A.B. asks: 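Pasting a structure below so you can have a look.
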Amino acid sequence: MKFGVVVFPGSNCDQDCVRVVRDVIRQPVAILWHQDTSLQGVEAIIIPGGFSYGDYLRTGAIAHLSPIMQAIKSFAEDGGLVLGICNGFQILLESGLLPGAMMRNTGLRFICRTVPLRVERVDTVWTNKCQKGQIIHLPIAHNEGRYIRDPQPHESLAEQVVFRYEGTNPNGSEEAIAGLMNRAGNVLGMMPHPERAAEDVLGNTDGRLIFESMLTAHANA
Amino acid sequence: MMKGKSAHRGMGSARTVVRSGARAGQDEALLHKVARSHNLSDDEFAHIVKVLGREPTLTEVGIFGVMYSEHCSYCSSKPYLKTLPTSGARILVPAGKENAGVVDLGDGLAVAFKCESHNHPSAVEPVQGAATGVGGIIRDIFTMGARPIALLDSLRFGPLSEARTRFLFQGVVKGISDYGNAVGVPTVGGEIYFDAGYRENPLVNVMCIGLVDPKQLARAAAKGVGNPVLYVGSSTGRDGLGGASFASRELAEGDADRPAVQIGDPFTEKCLIEATLEALATGEVAGIQDMGAAGLTCSTAEMPAKAGTGMEIEISLVPRREEGMTPYEVMLSESQERMLLVVKKGKQAQIQQIFAKWGLNAVAIGTVTDTQRLCVKDQGIVVADIPVKALTDDAPVYQRPVKEPAYLAKVKTWSPKSLSVPSDYNAALLKLLGSPTIANKAFVYEQYDHMVQTNTTLLPGRGDAALLRLNKPDKYLAATIDGNGRYCYLDPYEGGKAVVAEAARNLVCVGAQPLAVTDCLNFGSPKDPEIMWQFKECVRGLAEACQAFDTPVTGGNVSLYNESGGQAIDPTPIVGMVGLLEGKPLSAAFQQDGDAVILLGETREELGGSEYLSVIHGQRAGLPPRVDLRAEKALQQFMLDAHRSGWLQSAHDCSEGGLAVTLAECCIMDERQRHGVAIELSDEAVRMARRADALLFGESTGRIVVSCRPEQVDRVMMFAKRRGVPASRIGWVGGSQLTIGTWLSTSVEALNTQWRSGLQQALTTPRAHGRAR
């Protein structure tokens, strides 16, 4: 399964994602530069965390206008797998591939901490390796992770929530939403960083479940 | 005030002809006034006239002013810095030769690391002051060709009971967080003290660590006559004008110094890291240096000085973000995220293309010459022409007078006899655990991204040092940053030794062999003989200890004039140390019920300078603990060998708060897995410490609390005996209480709550933690 990891100026988790794909789940991986328009035939795309274009206007606001994102929008509309992590989630919201928006954490401070998450759905390409209701632990690291829905939601989001913060809601997200997919299920945005918890040496391998779920779904497709 | 055009207009264009400021119709009085505003003495001015053979121009006065500043020239500290050990088998780049020192790690990997202060800017504008401190030290690392992989900070503030301290503290943390997080370099460790001595002068020392293939090391020398000089990165503005001079004097009252603080842009820095490493990888860059303190001036003077060459630049080509800037302003601006590159002839376009890809300026502003002079032109007209050695190697050095401070007489005669023993040791322990200096710092490190780059193996708050994985399984880089201003105030020499000993001890507690040191020396005014004496004695202690542990100093910086209103900070040398672990990481927290607890080292009656004395009795008095370097070295070697043999479960060094606080931390450091412990101390231990409070809270150095499986106890004890390391089995891990003899018995839950909430509580209910100096 060939992965593509997008690199914007200011991305800073791109190499971490490349490392997990290449060294942990051992799949081929291509770097997709923000000014590229070709997706190099990849079968899944990761939009990594970081501060694309410095996040100076609004998180993800400039990134979603980049040439690569136009290609990714078409790719997603055709059913391609797109995983946005942290800043990647924010970019997916800005680009309209996922509904809602991201606000500053209620505590008004950056939070870097490993938090418990409840896996709400296991019948997805992202979580088929998890158990229903399983609590996994993943690190978060963000300043703007408070998810809010569209002011006038057309439909309920309930079916789209993949991860919820368990126990303390660290950033004040509505309905404790930590990870959300589109209706078709091929686009997932999540604030927690699975790539930071995929190796024994880092003391936590819960994040591997997400990457391995993608592989399983791909093999069965 | 610097807009006068007379100094650089209407002059001949011949390179060597510079009309002096005075002869160009410029008021001689003004020239002297500007010189004084740069803290140039009359003697120094006369020296400049002699070097140039004429009166300097305004631009030249500015250039000499910043280069002769304490910050750039180390004029007061140089004679002492020479005494620090700098050589060792693993040293690839020794101190002072390049932007940062480099140490070999084997397996085709080397570590470049350095520590730098940003105290003055942080006192005036804490967010930007701290942020630009982070940016500056990161540039020192990647200009070596090394990818920055970790940051650590050492911070000092006044008491949190004061609103201004809370403003400074939260601002500094935010600045580090904003910049470090965005630039994608994890902040993996650090230390913070709150003490009245830093009320007006907070300290912000930042250490950056990078990894580099030794074959790919970059250099800061401007080699190759005729090679083009590229200005790279952000445009130049008026921010930070004269920052180096500002950092070389006492702080002014009010906000008068605000314009001297720079503004940071971590996004540009992140792009600069990527573009620079890409450019260096081509092998077409002959030399590179950060434009840090003194900006363009420092880099254009130091790079040719290192290579024995000269440099000529055309200042009108420098990208600017403000209009109407004079050459004086452009040369002295400390705008951030800028660097100077010397590129091999014919490769300019290739390098420029890389920077263009990352959206960065890369403008050719001059060439390397063979003149050994720095020549600055403004639209072809020479505005400065100075021998580079006069600005660097031949800058004045002063042997300042020294005098033992008067206060030390009183310190030496202090005795704990007058001290009442606490009626409730549980309450004393809880108070210490909750005091801001000792309490858990999650409030701080959770604001830092400490995991990005996915190398952080031991998370902050979990061990005595940070651990980062390297390119091989079971191979880790360990890092720590330590200081103790109170010890150094009470006894600069012993304090200097203690700081190095503690740093090395922290490294061995995670299982790592100490390798090398970077230091930040924070002191008051060198013109005060008593402060210069503190400096001399601290450096003597540092040098002896670095020698003893075979940890040479690879660089760092000196920050003087940390005083305001005539009140200097405590002498505060900060030591950053790196080490190598080949094997399994060792945690500070107890691991398993039933494990035996062993105390390595001896507890003497040493309450002087302790946190206990400060927090419980409100005193800063007495001589700090003595450091026996031979015993310490034996202890640390024993630690490493015992761990290599696989006998140990945990190790935590005894420092602030003494044995009781250390044991409490072993119980509660691992949030997911807390343990109780039952401790019995022998009659001999009680006799040696003389007093129960000294036994529980005294800070005798050279002690480590380790735990091991019960079946390993005999091996550990026998091995310790053979090595001559004092060791006593003092108890067992288990239960839900911390019990120490009949003195102390507290639930682990209560210890945990107090330790984890102490800092937040001090921020919200400030009065409880106030105390007078």
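Protein chains get the first letters and strands the later ones, always in sequence-line order, with residue 1 at the start of each. What you see is a predicted model, and the numbers here were worked out from it, not measured in a lab.
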A.B. asks: Under 4.5 Å from any heavy atom of chain A, what part of B/Arg672 do you find: side chain, backbone, both or neither?
C.D. replies: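 For B/Arg672, the contact with chain A is made by the side chain alone.
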
A.B. asks: Relative to chain B, which of A/Gln15, A/Glu199, A/Glu195 shows the most heavy atom pairs under 4.5 Å?
C.D. replies: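 Option with the top pair count is A/Glu199.
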
A.B. asks: Do A/Arg113 side-chain atoms and B/Ala442 backbone N/O form a donor-acceptor pair below 3.5 Å?
C.D. replies: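 Side chain of A/Arg113 to backbone of B/Ala442: no pair is present.
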
A.B. asks: Considering non-hydrogen atoms only, spot the tightest contact between B/Tyr448 and A/Phe110 and give its length.
C.D. replies: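 That would be C-CE2, 4.4 Å.
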
A.B. asks: Can you find a pair of side-chain heavy atoms, one from B/Val183 and one from A/Phe51, that are under 4.5 Å apart?
C.D. replies: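 No, too far: nothing below the 4.5 Å cut-off.
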
A.B. asks: Take atom CD in B/Glu671; do more than 12 heavy atoms of anything else shown fall under 6.0 Å from it?
C.D. replies: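 Counting other residues, nucleotides and ligands, CD of B/Glu671 stays at 12 neighbours or fewer.
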
A.B. asks: Measuring heavy-atom distances to chain A, does B/Ser177 have an atom under 4.5 Å in its side chain, in its backbone, in both, or in neither?
C.D. replies: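 B/Ser177 touches chain A through side-chain heavy atoms alone.
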
A.B. asks: For the CD atom on B/Gln353, are there more than 12 heavy atoms of other groups (residues, nucleotides or ligands in this structure) within a distance under 6.0 Å?
C.D. replies: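 At most 12 heavy atoms, drawn from other residues, nucleotides or ligands, come within 6.0 Å of this atom.
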
A.B. asks: To the closest 0.5 Å, what do you measure between CZ (A/Phe8) and SG (B/Cys271)?
C.D. replies: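 Answer rounded to 0.5 Å: 13.0 Å.
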
A.B. asks: Quick one: pull up CD in B/Glu274 and CG in A/Asp14 and give me the separation to the nearest 0.5 Å.
C.D. replies: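 Reported to 0.5 Å precision, the distance equals 7.0 Å.
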
A.B. asks: If you measure from CG on B/Asp449 to CG on A/Asn143, what distance do you get to the nearest 0.5 Å?
C.D. replies: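 So the CG of B/Asp449 and the CG of A/Asn143 are separated by 11.5 Å.
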
A.B. asks: Taking A/Arg19 for the side chain and B/Gln453 for the main chain, is one N or O donor matched with an acceptor at less than 3.5 Å?
C.D. replies: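 Side chain of A/Arg19 to backbone of B/Gln453, a donor-acceptor pair under 3.5 Å: yes, one is there.
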
A.B. asks: State, with a plain yes or no, whether a side-chain heavy atom of B/Glu446 is found less than 4.5 Å away from one of A/Ile140.
C.D. replies: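 Answer no - side chains too far apart.
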
A.B. asks: Run the side-chain contact (heavy atoms from CB on, under 4.5 Å) check on B/Met451 and A/Cys112 step by step: do they pass?
C.D. replies: CA-CA 8 Å; B/Met451 300 167 107; A/Cys112 178; 4.0 Å; yes

A.B. asks: Pick one of side chain, backbone, both or neither for A/Ser11, based on which atoms fall under 4.5 Å of a heavy atom in chain B.
C.D. replies: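 Contact with chain B: backbone only.
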
A.B. asks: Flag the pair A/Tyr56 / B/Phe267 as yes when at least one side-chain heavy-atom distance between them is below 4.5 Å, and no otherwise.
C.D. replies: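 A/Tyr56 vs B/Phe267: side chains touch.
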
A.B. asks: Of all the heavy-atom pairs spanning A/Arg196 and B/Val452, show the shortest one and how long it is.
C.D. replies: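 Shortest heavy-atom contact: NH2-CB, 3.4 Å.
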
A.B. asks: Within a reach of under 6.0 Å around NZ of A/Lys129, are more than 12 heavy atoms found that belong to other residues, nucleotides or ligands?
C.D. replies: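 No, because the 6.0 Å sphere around NZ of A/Lys129 holds 12 heavy atoms or fewer from other groups.
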
A.B. asks: Quick check: does any side chain N or O of A/Asn12 sit under 3.5 Å from a backbone N or O of B/Ala182, one acting as donor and the other as acceptor?
C.D. replies: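 Indeed, once roles are kept as given, a pair shorter than 3.5 Å links the two residues.
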
A.B. asks: Side chain, backbone, both or neither: which part of B/Thr268 has a heavy atom under 4.5 Å from chain A?
C.D. replies: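 Looking at B/Thr268, nothing touches chain A.
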
A.B. asks: Please classify the contact between B/Asp265 and chain A as side chain, backbone, both or neither, with a heavy-atom cut-off of under 4.5 Å.
C.D. replies: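 Its backbone and side chain both get close to chain A.
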
A.B. asks: Less than 4.5 Å to any heavy atom of chain A: does that hold for the side chain of B/Lys174, its backbone, both, or neither?
C.D. replies: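 The answer is neither part of B/Lys174.
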
A.B. asks: For a 4.5 angstrom cut-off between non-hydrogen side-chain atoms, does B/Thr456 reach A/Leu202?
C.D. replies: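 No; the side chains remain at least 4.5 Å from each other.
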
A.B. asks: Got more than 12 heavy atoms from elsewhere within 6.0 Å of CD, A/Gln131?
C.D. replies: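 Result for CD/A/Gln131: open.
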
